[in-house]
Each structure stands twice: as structure tokens, then as C-alpha cells.
Asker: 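The structure's right below; bear with me while I get my questions together.
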Amino acid sequence: MTSSFTVHAASGYEQLMGRWSRRLAPKFIDFAGLAGGEKVLDVGCGTGSLTFELAKSGDLAEIQAIDFSPIFVAAAKERNTDPRVTIQQADATALPFADNAFDRALALLVLHFVPEAAKAVAEMRRVTRPGGVVAAVVWDHYGGMAGMRMMIDTVAALSESGRQMRSRYCFQPMVQPGEMKRTFVEQGLADVTEAELMIRMDYADFDDFWAPIGAGEGPLGRYMTLDAAERERVEAAVRDAYQAGRPDGPRSFANVAWACRGIVP
């Protein structure tokens, strides 16, 4: 399997998305549920936003975390101080665990970057015991990411390559209403429910918003492999959209995610 998420440095990811993943993680855990003594799997742990939020629950027996990116795995391992937590590099579509090994398998902001997302859901179901919970959450790229759409719609107005990037971004796997729920049902999960979770992304100024994108992090950063003149034109246009005719400074954007939960029969 490959991942469609571009990562160069864990610190860049933290500024781009990690800080917001940590804000979303408690809401996702409330939606997915937890119970004392459980063994929980974090699929696509990144730098550990969900992993270490789970570890705040002192009565979990075991937390296993995997990610496809060696960069993320190394960063999460460096942060870890909890003996219940084990972190390793692995493929979400071929999980290195036995059948029925976990009480819950959770995925925070990862399925939309897995080309074979349905296969990843099937693997999460396989490693979760009967009666256990499979749950995932992804951003609503088309209708729920105001700050990112600000950039995407700006570059789409500038060039054909920008329009193509917008189409890829807005229609990644699992991000449409009901899409993840249908996949959960198709993979044999029962009592499947879908909900919307919302956080705000708060930026100190344009540079706070732009730095990781300009450095090439994530799907928007990957677009920035442009020549110097075009990079300058794009940055100036996005800066103008961010500032919206007012002095540079703090801005806050609402961001909606789709969350889905199902029971293993």
C-alpha cells in the first residue's frame, strides 16, 4: 500500500495538522467510546495525537499504534513514555496482528489517505473481537474545511493545475457524506452510525498558516512544487485571501469531520 499524504518532517506536520488532530482526538474518543481494561489499536497514528490522548485513560490495558510513515513512527516513539503503548511501522491494509486481538480499532484522520480505504476497514474489523468497535474519522474536504478550501479555491482560480489539485483534494476516499458509513456496512459491521465532529483551527497570522504548506507538507504542500515565480504568485494570492482586506493577524476557521462507528458481529 502507499499513502497519498506527503510528509517531510514531523515538526512540519505538527504545524500543518498535528495540533488540530490533538484538538479533534478527545471528541473522536467520546464518539468511539472506551471501557476499562480494553486493548485498543490506533491505525495511522501519525505523531501520536490519538495514541497519547488514549493513554490519558489510565485503565486501558494496552495501546498498539501503527503508521505507514517511518518519519511519523520515529517521532511518536520519541514522545512515548507509557509502557502500555507500542508503536510500529505497518500497513493499514495488512495489519500485523492476529484476528480478534483488540477490543477497539480506531483511525483518526487517515482513511482518506489510504488508496484502498475499504481494505483498511476490513483489516480493522478482522483484528477486532466480536462485539468490539471499529471507528474512524476523516475531514470533510469538500464542505467542511474552510481554511484549506480558502487556499484550494484560490489556486484553482489561478491555473489548470490548481483546478486539478482541487478535484483530487475534494474527492479523496471517504470524505463525502455517507461514504464511510456505506463502506462500514459493506465490510460487515453492524449498528453503523455516522456523526459530524467540529473543531476550529486558529492561526496567529498568515505565516502560521502558510509555513508548513510552503515547506511542502501534506496534500496542499505537495502542490507547491512550482517554479519560483509561480510559487511567489500563489503565496501572494493565498495571503490576500487569508487577510481578506484586513491587517495580517489571527484568523479562525471552522472544520468539520465525518466520524463513523460500527460493531463487529
Side-chain angles (χ1 to χ4, degrees), residues 1-5 7 10 21 25 28-29 31-138 173-174 180-181 183-192 259-265:
M1 184 205 79
T2 58
S3 170
S4 62
F5 190 91
V7 56
S21 300
F28 177 50
I29 291 172
F31 171 79
L34 284 181
E38 288 189 331
K39 296 180 179 180
V40 180
L41 173 63
D42 178 2
V43 177
C45 64
T47 54
S49 298
L50 177 60
T51 305
F52 300 122
E53 189 65 32
L54 287 167
K56 292 179 182 178
S57 176
D59 55 358
L60 290 179
E62 178 184 325
I63 302 165
Q64 292 276 351
I66 68 101
D67 200 277
F68 189 74
S69 166
I71 294 173
F72 285 155
V73 169
K77 282 185 173 181
E78 186 176 354
R79 289 180 58 193
N80 183 38
T81 60
D82 192 317
R84 297 172 300 159
V85 174
T86 302
I87 303 162
Q88 62 179 301
Q89 196 277 334
D91 184 337
T93 65
L95 294 171
F97 304 107
D99 295 357
N100 308 328
F102 298 97
D103 299 290
R104 295 176 200 265
L106 312 180
L108 175 78
L109 303 177
V110 64
L111 287 185
H112 47 329
F113 294 112
V114 179
E116 296 180 282
K119 191 172 180 180
V121 174
E123 277 291 275
M124 292 171 70
R125 179 196 166 177
R126 178 185 66 78
V127 302
T128 304
R129 64 166 174 80
V133 172
V134 172
V137 62
V138 301
M174 303 289 113
M180 190 161 48
K181 182 177 182 179
T183 301
F184 272 44
V185 171
E186 289 166 359
Q187 295 306 318
L189 292 162
D191 300 326
V192 177
C260 197
R261 179 184 65 228
I263 305 298
V264 177

Asker: How close do Gly48 and Ala76 get, counting heavy atoms only, and between which atoms?
Answerer: N-CB, 4.4 Å
Asker: For the pair Leu50 and Ser21, evaluate side chain to side chain contact (heavy atoms under 4.5 Å, CB included) and give the outcome as yes or no after the intermediate values.
Answerer: CA-CA 8 Å; Leu50 177 60; Ser21 300; over 6 Å; no
Asker: Tell me the closest heavy-atom pair linking Ala75 and Thr47, and the distance in Å.
Answerer: CB-CG2, 4.2 Å
Asker: Can you tell me how far the CD atom of Glu123 sits from the OG1 atom of Thr93, to the nearest 0.5 Å?
Answerer: 7.0 Å
Asker: Within the distance-only criterion (no hydrogens, no angle test), does the side chain of Arg125 pair as donor or acceptor with the backbone N or O of Gln187 below 3.5 angstrom?
Answerer: yes
Asker: Roughly how far apart are Leu41 CG and Ile63 CD1, rounded to 0.5 Å?
Answerer: 11.0 Å
Asker: To check you understand the geometry: which heavy-atom pair defines the closest contact between Phe102 and Val40, and what is its length?
Answerer: CD2-C, 3.8 Å
Asker: Taking all non-hydrogen atoms of both residues into account, name the closest pair between Leu189 and Pro265 and its distance.
Answerer: CA-CD, 4.5 Å
Asker: For the pair Asp67 (side chain) and Val73 (backbone), establish whether a donor and an acceptor sit closer than 3.5 Å, ignoring hydrogens and angles.
Answerer: no
Asker: Side-chain contact test, heavy atoms from C-beta onward, threshold under 4.5 Å: evaluate it for Leu106 versus Leu54 and give yes or no.
Answerer: yes
Asker: Between Gln89 and Phe68, is there a donor-acceptor pair closer than 3.5 Å when you use the side chain of the first and the backbone of the second?
Answerer: yes
Asker: Just verifying a value: how many Å separate Lys39 NZ and Thr128 OG1, rounded to the nearest 0.5 Å?
Answerer: 12.5 Å
Asker: Hey, are Asp99 and Arg126 close enough for a salt bridge, meaning a charged N less than 4.0 Å from a carboxylate O?
Answerer: yes
Asker: Looking at Asn80 and Val85, would you say the former's side chain and the latter's main chain have a donor-acceptor pair under 3.5 Å?
Answerer: yes
Asker: If you measure from CE on Met174 to CE on Met180, what distance do you get to the nearest 0.5 Å?
Answerer: 7.5 Å
Asker: Less than 4.5 Å apart, side chain to side chain, heavy atoms only: is that true for Val192 and Cys260?
Answerer: yes
Asker: Distance check, rounded to the nearest 0.5 Å: Phe184 atom CZ versus Leu111 atom CG?
Answerer: 6.5 Å
Asker: Has Gln88 got more than 12 heavy atoms of other residues, nucleotides or ligands less than 6.0 Å from its CD?
Answerer: yes
Asker: Report the C-alpha distance between Ile66 and Val43 in whole Å, list the side-chain angles of each, state the deciding distance to 0.1 Å, and finish with yes or no for side chain to side chain contact (heavy atoms under 4.5 Å, CB included).
Answerer: CA-CA 5 Å; Ile66 68 101; Val43 177; 4.2 Å; yes
Asker: Provide the closest heavy-atom pair for Ala92 versus Leu95 in the form atom of the first, atom of the second, distance.
Answerer: O-CG, 3.7 Å
Asker: For Asp42 and Thr51, indicate whether the former's side chain and the latter's backbone hold a donor-acceptor pair under 3.5 Å.
Answerer: yes
Asker: For Val110 and Gly44, work out which heavy atoms get closest and say how close.
Answerer: CG2-CA, 3.9 Å
Asker: Side chain of Arg261, backbone of Phe31: donor and acceptor closer than 3.5 Å?
Answerer: yes
Asker: Just verifying a value: how many Å separate Phe52 CZ and Cys45 SG, rounded to the nearest 0.5 Å?
Answerer: 7.5 Å
